[in-house]
Amino acid sequence: MIRAGGITKSYGDLKVLKGIDLEIRDKEVVAIVGASGAGKTTLLQILGTLDRPDAGTVIYNGSDVSNLPQRALAAFRNKNIGFVFQFHQLLPEFTALENVCIPALIAGTAKNEAEEKAASLLGFLGMAERLDHKPSQLSGGEQQRVAVARAIINSPSVILADEPSGNLDTENKKDLHNLFFRLRDTFGHTFIIVTHDPQLAAMSDRIIRIKDGMITHDV
């Protein structure tokens, strides 16, 4: 599904990625682990087309997206990739329903259709009674569920998550981790998750360990 080859990335004199080769298979849940500063988030941003490598290729289902023009890349990302971040990144002035609708509206989905799908997804995630609540009225776990619904509303093939449970308590962490696998089994998403959480890593289909900008383990 995703193949990355020869990925390098530097910021000034700092070499962050030093030649990454990996393949992610369809419907896998993959954990990327390693110490802070190892290059995990940089790799995730490149796989998610949020950043470009200095060298190397990123191929989705046989298509090289590494050198797409910016507008085409943004359209590809909106349709094919969902993102979940540690701090939710919800817009505070919008309700849960409105936050989830945003990617669909950007993709050109009609407003009523986007709202119907957003409500359905939030219901699936146990948030049916919270559609009209703004982020400040939601718990951390609820905010992260809204963020997950937003990530999947356009039915992307892959979800990229950067420390998604890093800001949650133990119970909400467990719920979120189980949710990722339920979404994979129900909707067929592939998950690539950067995490420091050993429980989540242990649950994953594969663990990729990065050290000093290079993959040292892939098991």
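Annotation: side-chain hydrogen bond (donor to acceptor under 3.5 Å, both in side chains) contacts involving residues 210-219, sequence neighbours excluded, comprise R206-D218.
Once rounded to the nearest 0.5 Å, the distance linking NZ of K9 with OG1 of T42 reads 8.5 Å. Rounding to the nearest 0.5 Å places CD of Q144 at 12.0 Å from CG of L138. Here CZ of R3 is found 13.0 Å from CZ of R25. Values are rounded to the nearest 0.5 Å. Between the OG1 atom of T190 and the CD1 atom of I2 there is a distance of 6.5 Å, given to the nearest 0.5 Å. Considering CD of Q137 and CG of D132, their distance stands at 9.5 Å, rounded to 0.5 Å. In this structure, CD on E115 lies 10.0 Å from CG on L131, to the nearest 0.5 angstrom.
Considering only residues two or more places apart in sequence or on other chains, T95 meets the side chain to side chain donor-acceptor pair (under 3.5 Å) condition with E98. Applying the side-chain contact (heavy atoms from CB on, under 4.5 Å) criterion to L50, with sequence neighbours excluded, gives Q45, R77, F83. Remark: F76 pairs with Y60 by the ring-ring contact (aromatic ring centres under 6.0 Å, His included) rule, at least two apart or across chains. I102 meets the side-chain contact (heavy atoms from CB on, under 4.5 Å) test with L91, F94, N99, I106; sequence neighbours excluded.
I208 and F180 end up in different hydrophobic clusters when Ile, Leu, Val, Met, Phe, Trp and Tyr side chains are linked at under 4.5 Å. The hydrophobic clustering, which links ILVMFWY residues whose side-chain heavy atoms are closer than 4.5 Å, places F191 and F187 together. In terms of hydrophobic clustering, with Ile, Leu, Val, Met, Phe, Trp and Tyr side chains grouped at heavy-atom distances under 4.5 Å, V29 and L168 are assigned to a common cluster. Note: the hydrophobic cluster containing L179 also contains L121 (ILVMFWY, side chain heavy atoms under 4.5 Å, direct or indirect links). The hydrophobic cluster containing L73 also contains L47, counting ILVMFWY residues as joined when their side-chain heavy atoms lie under 4.5 angstrom apart, directly or transitively.
Considering every non-hydrogen atom in both G39 and L17, the closest pair reads O-CD2, 3.5 Å. Scanning all heavy atoms of the two residues, the minimum distance from I20 to G213 falls at CD1-O, 3.5 Å. In plain terms, the two heavy atoms of D64 and V58 that are nearest each other are OD1-O, 3.3 Å.
For R145 and F124, the positive end is not near the middle of the six-membered ring at less than 6.0 Å and at most 45° from its axis.
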Are L22 and V30 close enough, and set up right, to give a side-chain contact (heavy atoms from CB on, under 4.5 Å), and what steps lead you there? CA-CA 11 Å; L22 64 82; V30 178; over 6 Å; no
Worked check of side-chain contact (heavy atoms from CB on, under 4.5 Å) between V33 and I210: CA-CA 6 Å; V33 303; I210 295 181; over 6 Å; no
Let's go through I81 and V65 carefully: what are the C-alpha distance in whole Å and the side-chain angles of both, what is the deciding distance for side-chain contact (heavy atoms from CB on, under 4.5 Å) to 0.1 Å, and is it a yes or a no? CA-CA 12 Å; I81 306 173; V65 301; over 6 Å; no
Just do the side-chain contact (heavy atoms from CB on, under 4.5 Å) check on V146 and M127 with the steps written out, would you? CA-CA 8 Å; V146 174; M127 296 286 292; 3.7 Å; yes
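With no hydrogens or angles considered, no side-chain donor-acceptor pair links D197 and T195 at under 3.5 Å.
Using a 4.5 Å heavy-atom threshold, the side chains of L125 and V148 count as touching. Contact annotation: the side chain of M1 approaches that of N61 to within less than 4.5 Å [non-hydrogen atoms, C-beta and beyond]. Residues I32 and I193 form no side-chain contact, since every pair of their non-hydrogen atoms from C-beta on lies 4.5 Å or further apart.
In this structure a side-chain-to-backbone donor-acceptor pair under 3.5 Å is present from E142 to S139. For K40 (side chain) and G34 (main-chain N/O), a donor-acceptor pair under 3.5 Å exists by modelled atom type. Side-chain atoms of S204 come within 3.5 Å of backbone atoms of L200 as a donor-acceptor pair (strictly under, hydrogens ignored). Although no hydrogens or angles enter the test, the distance criterion places a donor-acceptor pair under 3.5 Å between the side chain of T186 and the main chain of R182. Between the side chain of D54 and the backbone N or O of S10 there is at least one donor-acceptor pair closer than 3.5 Å. Formation of a donor-acceptor pair under 3.5 Å by the R52 side chain with backbone atoms of S66 is found in this model.
Around the CE atom of M214, the shell of radius 6.0 Å holds no more than 12 heavy atoms that belong to other residues, nucleotides or ligands.
K134 has no carboxylate O lying under 4.0 Å from a charged side-chain N of E93, or vice versa, which leaves the two without a salt bridge. One finds a salt bridge joining D205 and R184 here, because a Lys/Arg side-chain nitrogen approaches an Asp/Glu carboxylate oxygen to under 4.0 Å.
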Atom pairs and distances, donor-acceptor, side-chain atoms in residues 151-164, under 3.5 Å, two or more places apart:
{"from": "N154", "atom 1": "ND2", "to": "N78", "atom 2": "O", "distance (Å)": "3.1"}
{"from": "N154", "atom 1": "ND2", "to": "N78", "atom 2": "OD1", "distance (Å)": "3.4"}
{"from": "N154", "atom 1": "ND2", "to": "P103", "atom 2": "O", "distance (Å)": "3.2"}
{"from": "S155", "atom 1": "OG", "to": "K117", "atom 2": "NZ", "distance (Å)": "2.8"}
{"from": "S157", "atom 1": "OG", "to": "N80", "atom 2": "O", "distance (Å)": "3.4"}
{"from": "D162", "atom 1": "OD1", "to": "T41", "atom 2": "OG1", "distance (Å)": "3.4"}
{"from": "D162", "atom 1": "OD2", "to": "T41", "atom 2": "OG1", "distance (Å)": "3.2"}
{"from": "E163", "atom 1": "OE1", "to": "H196", "atom 2": "N", "distance (Å)": "3.3"}
{"from": "E163", "atom 1": "OE2", "to": "H196", "atom 2": "N", "distance (Å)": "3.2"}
{"from": "E163", "atom 1": "OE2", "to": "H196", "atom 2": "ND1", "distance (Å)": "2.5"}

